[in-house]
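Here the structure comes first, spelled out in structure tokens, and everything after it is commentary.
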Amino acid sequence: MIYPIVKFGDPVLEKAAETVTVFDDELRKLLDDMFESMYAAHGVGLAAPQIGISRRIAVIDITFKEDPNAKLVLINPEIIRTEGRHTQQEGCLSLPEFRENVTRPRVVTVRAQDAKGNWFEKTGEDLLARALQHETDHLNGKLYIAHISALKRDLIKRKVRKLIKQGEW
Ligand code: GNR
Ligand code: NI
């Protein structure tokens with residue numbers, strides 16, 4: 001099932017999501033639906049709050065279906081190591097049409113559980129590192145605009161408010 005993507009303005013995007021404690025078939029179905037929804041929306045990552053579900057679950061595939069081994073499930077993820085710094089354009093499916101340069105660590109290691117509840121660590125660089133951080137942020141109620149200047153952030157908020165008023169958001 002393809003879920004619609006929740007957009008900026010919905011409070012679910014700005015609250016911390018709930019820790020996952022049950023690793024059952026319902027969770028595995030949700031993960032399948034999240035991958036399907038992410039691919040349908042042409043994203044390289046998707047966090048559960050973006051489909052209105054406030055649980056600490058995210059999926060990533062920076063190859064966009066090219067490499068089946070690149071599918072990454074992150075449950076209860078935490079960034080445990082970071083290295084370097086890199087600035088790159090970043091977007092979010094919950095803020096369609098907006099893009100801003102965001103400076104983040106260039107290499108990160110995440111500790112997370114898989115669909116079966118087994119803990120693992122994964123180190124990523126560049127786009128993967130960015131996606132690992134972007135999705136972990138979502139689960140903490142944080143959007144990429146938290147990492148840009150207040151001036152740019154307020155401009156985006158103002159534009160979104162205008163779009164909402166016009167019924168275009
Ligand atoms: O599809 C996405 N692309 C992207 C590009 C640069 C940095 C982060 C991302 S994640 C984003 C999908 C999304 O909103 N995930 O939460
Ligand atoms: Ni996002």
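Each ligand, and each atom within it, is numbered from 1 in the order the structure gives. In what follows, every heavy atom counts, from backbone to side chain, and hydrogens, waters and symmetry copies are set aside. When a residue number appears, it is its place in the shown sequence, counting from 1.
Heavy atoms of E135 found under 4.0 angstrom from ligand 1 belong exclusively to the side chain. For Q50, every heavy-atom contact with ligand 1 shorter than 4.0 Å involves the side chain, none the backbone.
Annotation: angle subtended at the Ni ion (ligand 2) by H134 NE2 and C92 SG is 110°, to 10°.
Some N or O of V44 is nearer than 3.5 Å to an N or O of ligand 1, by distance alone. Ligand 1 has a nitrogen or oxygen under 3.5 angstrom from a nitrogen or oxygen of H134. Polar contact check, H42 against ligand 1: no nitrogen or oxygen pair lies under 3.5 Å apart.
Side chains of N101 and Q89: no donor on one and acceptor on the other come within 3.5 Å. Checking N76 against R111 by side-chain atom types alone, no donor-acceptor pair falls below 3.5 Å.
The residue from G43, A131, G91 that puts a heavy atom closest to atom 9 (C) of ligand 1 is G91.
Nearest protein heavy-atom neighbour of atom 7 (C) of ligand 1: E90 CG, 3.1 Å. Protein heavy atom nearest atom 12 (C) of ligand 1, with residue, atom name and distance: G45 O, 3.2 Å. Nearest protein neighbour of atom 14 (O) of ligand 1, counting heavy atoms only, is L93 N, 2.8 Å.
At least one side-chain heavy atom of R55 sits under 4.5 Å from a side-chain heavy atom of L30.
Close approach of ligand 1 to H138 (heavy-atom distance below 4.0 Å) involves ligand atoms 16 (O). Within ligand 1, counting atoms from 1 as listed, the ones closer than 4.0 Å to a heavy atom of C92 are 14 (O).
Comment: K159 does not engage D154 in a salt bridge, judged by the lack of any side-chain N to carboxylate O separation of less than 4.0 angstrom.
V12 and S54 get closest at one heavy-atom pair: CG2-CB, 4.2 Å.
More than 12 heavy atoms of other shown residues, nucleotides or ligands fall within 6.0 angstrom of atom NZ in K29. Within a 6.0 Å radius of CD in Q88, other residues, nucleotides and ligands contribute more than 12 heavy atoms.
Not a single heavy atom of S94 sits less than 4.0 Å from an atom of ligand 1.
For the pair W169 (side chain) and K162 (backbone), a donor-acceptor distance under 3.5 Å is absent. With Q50 contributing its side chain and L46 its backbone, the two residues share no donor-acceptor pair below 3.5 Å.
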